Amino acid sequence: MAAKTLYDKLWDAHLVRQQEDGSCLIYIDRHLLHEVTSPQAFEGLRIAGRQPWRLDTNLATPDHNVPTTTQERSVGVNGIADPVSKIQVVTLGENCDHFGITEFKMQDKRQGIVHVVGPEQGATLPGMTVVCGDSHTATHGALGALAHGIGTSEVEHVLATQCLIQKKSKNMLVKVTGELGKGVTAKDVVLAIIGEIGTAGGTGYAIEFAGQVFADMSMEGRMTVCNMAIEAGARVGMVAVDQTTIDYVKGRPYAPQGEQWEMAVEAWQDLHSDADAEFDHVVVMDGKDIAPQVTWGTSPEMVLPVSALVPNPAKEKDEVKANGIDRALQYMGLQAEQAITDIQLDRVFIGSCTNSRIEDLRAAAAIVAGRSVAPSLKQALVVPGSGLVKQQAEAEGLDKVFVAAGMEWREPGCSMCLAMNADKLGTGEHCASTSNRNFEGRQGFGGRTHLVSPAMAAAAAIAGRFVDVREFS
Amino acid sequence: MQAFKQLTGVVAPLDRVNVDTDMIIPKQFLKSIKRSGFGPNLFDELRYLDEGQPDADNSQRPLNPDFILNQEPYTEASILLARENFGCGSSREHAPWALLDFGIRCVIAPSFADIFYNNCFKNGILPIALLDDQVNALFNEAFAKPGFNLTIDLHAGLIKGSQEGDIAFNIDTFRRHCLLNGLDDIGLTLEQSDFIKRYEAKRKEQAPWLFAK
């Protein structure tokens, strides 16, 4: 039998039917829903008089719009000050109740960012197909699942048929060998990869992340990496299943138990690329070459090591690229060849589906412990990814560390990653953010986002500007 | 879904790489629970000089005179000419909904982000990927002849009306068929219910834990 990649195996296991014209019907094992991309899909079902094909595969939680202040959250949905946000959260609740879909509502301890909740609950399992109306669904590939974002029409399609009409992607292998230096994290690795292959480098591909660096990485770290596959253009990012994966899944509420657990673990042993599998494209990097990264521009590929200088468009030969650099510098309010460490910050955001898991909060807390945020900073927000992450962090006393340093400890949600709730940047403000997109206006109208790791964001909060976390003392 | 057969319209050149879906429709407008009404907020941050709000009267807002879709005759454009990696970022289908609501039925670019590309077909919008040189030539033509028209013939797979002559394009068979006939994917998939049920029965034997709850 021909050697297969992990992606080939997952694809083949979910192929319901290949049509004569080459389009494929793919079965979906887990469908995650949130309030922003689902209302029009539910409306479509109602209009057509259709019912969900298989209720038990669906799991919903509101995350994008939910307020994160304890005061607003304490009174439930009625505490959402923005009436339009409130309608969306209420609508998700009504739709889930109407169709009988399990929803972790806003007051539920299990509520949180959908890409934190899925793996945390064991609702995402190795070998599954996982989809959600959100491009960061690639996150779940960290568990050896085939996971990708879909649009609202496809949300409706999955609800009604449990399937998607798909065309197979090409295979890309991103191999990072060796070991990471001290202070270099999963976020730095994925930002460096995006810097290397570009924001469209993965378009049309499913990326498998392999090599010693990922083998040594925690599940949280792998989720951070797969989460940002889409920022390199790839809908799918994944890591093969190993003992780290199995240890992570074991005992979670939705994970199989007893005899079925034994059966599942045995089946999961095959969830890796065969040794002689062929990839359409291979990228190899050395972990020791990766430094802490900071984005300086308005696309995730506009990223450099913290010690670098902001690029000079006059030195770029390609005219389209030079214009892009020039436009980004103008928007970001930066000078060509300015040191990244000279960028003064207004706000710091630690959170999002990229970096709001317990390991991220521990890394940030380790830096700020016993220190205070720079007086020049207007705000430093820490937003845990779920109610359970929050509970764990509080049990470890991390909340007290953040608050003592002058940071705000919030309730779980997407928050300032995309500023659909009240947490946002003002015009011209620079933010060190652990989120995933530095697009114009992403974190607020005219806001200037710099993507970094939790440790780098924490160090930046203390210094009021970017500093190399490896030299931070 | 509205079928797409042939379209003749004004071509608006948007000379910018990596246009992301946040740019096409900013987040504050995603709070709507409808599919329509996004047109006035298409490219909101580029189109207006102030910050848009979901409940604002857009006709009273200051327009950015430098933005292409604010200039005549591009306010009537139905074809958008764009640069590489158009539609990157978020999976929001509000992006094609906003384009459609404005009147854009076709986007031509050297490359598209996967999710956006897919979302277009679900909404009767035709995304056409051409070679870099072909797109460059169309940009040059659009700049030289402001307001020029193209005709898109999906059945023939041709873009007509350029000084360069007819330009052929490829769309995969299934998507082309659905678009030409305005077909609803869900109805087509439900016709294959027996195959789905057979798959489920087989899968349940192999991986019962996926059907445990």
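Residue numbers begin at 1 in each chain, while the letters A, B, ... track the order of the sequences. In this text the structure is predicted, and so the values were computed from the model without any measurement.
Highest contact tally toward chain B, considering only A/Trp261, A/Phe42, A/Tyr27, is held by A/Tyr27 [criterion: heavy-atom pairs under 4.5 Å]. Of all the listed residues (A/Leu125, A/Thr199, A/Ile230, A/Asn323), the one sharing the greatest number of non-hydrogen pairs under 4.5 Å with chain B is A/Thr199. Heavy-atom pairs under 4.5 Å with chain A were tallied for B/Asp50, B/Asp55, B/Leu188, B/Val17; the largest tally goes to B/Asp50. Listed options A/Glu440, A/Arg327, A/Lys424 were ranked by heavy-atom pairs under 4.5 angstrom with chain B; first place goes to A/Arg327. When B/Thr189, B/Leu190, B/Asp184 are compared by the number of non-hydrogen pairs under 4.5 Å with chain A, B/Thr189 comes out ahead. Among A/Ala267, A/Ala160, A/Ala13, A/Ala234, the residue making the largest number of heavy-atom pairs under 4.5 Å with chain B is A/Ala13. Put simply, of B/Thr173, B/Thr21, B/Asn118, B/Ile115, the one with the most heavy-atom pairs under 4.5 Å next to chain A is B/Ile115. No other option in A/Gln260, A/Gln162, A/Gln19, A/Arg30 has as many heavy-atom pairs under 4.5 Å with chain B as A/Gln260. When each of B/Ala113, B/Gly89, B/Cys88, B/Pro26 is checked for heavy-atom pairs under 4.5 Å with chain A, B/Gly89 comes out on top. Comparing B/Glu84, B/Arg92, B/Gln192, B/His177 by how many heavy-atom pairs each has under 4.5 Å with chain A, the most go to B/Gln192. Most heavy-atom pairs under 4.5 Å with chain B, from the set A/Asp134, A/Val155, A/Ile87, A/Val320: that is A/Asp134. The choice from B/Arg175, B/Glu200, B/Lys202 that makes the most heavy-atom pairs within less than 4.5 Å of chain A is B/Glu200.
Only the side chain of B/His94 comes within less than 4.5 Å of a heavy atom in chain A; its backbone stays farther off. Heavy atoms closer than 4.5 Å to chain A are found in both the backbone and the side chain of B/Lys27. Heavy-atom distances place no part of B/Arg83 under 4.5 Å from chain A, backbone and side chain included. Contacts of A/Arg442 with chain B are made by both backbone and side-chain atoms, with heavy-atom separations under 4.5 Å. For B/Tyr117, no part lies near chain A; criterion is any non-hydrogen pair under 4.5 Å. Interface remark: B/Asn136 contributes no atoms to any contact with chain A (heavy atom separation under 4.5 Å). Using a 4.5 Å cut-off between heavy atoms, B/Asn18 contacts chain A through its side chain alone, with no backbone atom that close. For A/Ser85, the parts lying under 4.5 angstrom from a heavy atom of chain B are both the backbone and the side chain. Heavy-atom distances place the side chain of A/Ser23, and not its backbone, under 4.5 Å from chain B. Only the side chain of A/Glu301 has a heavy atom closer than 4.5 Å to any heavy atom of chain B. Looking at A/Leu15, the atoms closer than 4.5 Å to chain B (heavy atoms on both sides) all sit in the backbone: N, CA, C or O. When heavy atoms are compared at a cutoff of 4.5 Å, B/Asp44 does not approach chain A at all. Interface remark: B/Ser111 contributes no atoms to any contact with chain A (heavy atom separation under 4.5 Å). For A/Asp82, the part lying under 4.5 angstrom from a heavy atom of chain B is the side chain only. Heavy atoms closer than 4.5 Å to chain A are found in both the backbone and the side chain of B/Glu51.
At a heavy-atom cut-off of under 4.5 Å, chain A is reached by B/Lys122, B/Asn123 from residues 120-132 of chain B, listed in order of number.
Ionic pairing of B/Arg35 and A/Glu156 is present here: one or more N-O contacts between side-chain nitrogen and carboxylate oxygen are shorter than 4.0 angstrom. A/Lys168 has no carboxylate O lying under 4.0 Å from a charged side-chain N of B/Asp172, or vice versa, which leaves the two without a salt bridge.
Residue pairs meeting the salt bridge (charged side-chain N to carboxylate O under 4.0 Å, His left out) criterion with at least one member in residues 18-28 of chain A: none, sequence neighbours excluded.
Between the side chains of A/Thr37 and B/Glu93, no donor N or O sits under 3.5 Å from an acceptor N or O. Side-chain contact check for A/Glu259 and B/Trp209: no donor-acceptor pair (N or O, by modelled atom type) lies under 3.5 Å.
Applying the 6.0 Å contact sphere to NZ of A/Lys321 captures no more than 12 heavy atoms from other residues, nucleotides or ligands.
Minimum interatomic distance between A/Met420 and B/Leu30 (heavy atoms only, all atoms of both residues): CE-CB, 3.8 Å.
Counting only heavy atoms from C-beta outward, the side chains of A/His14 and B/Tyr199 approach each other to under 4.5 Å.
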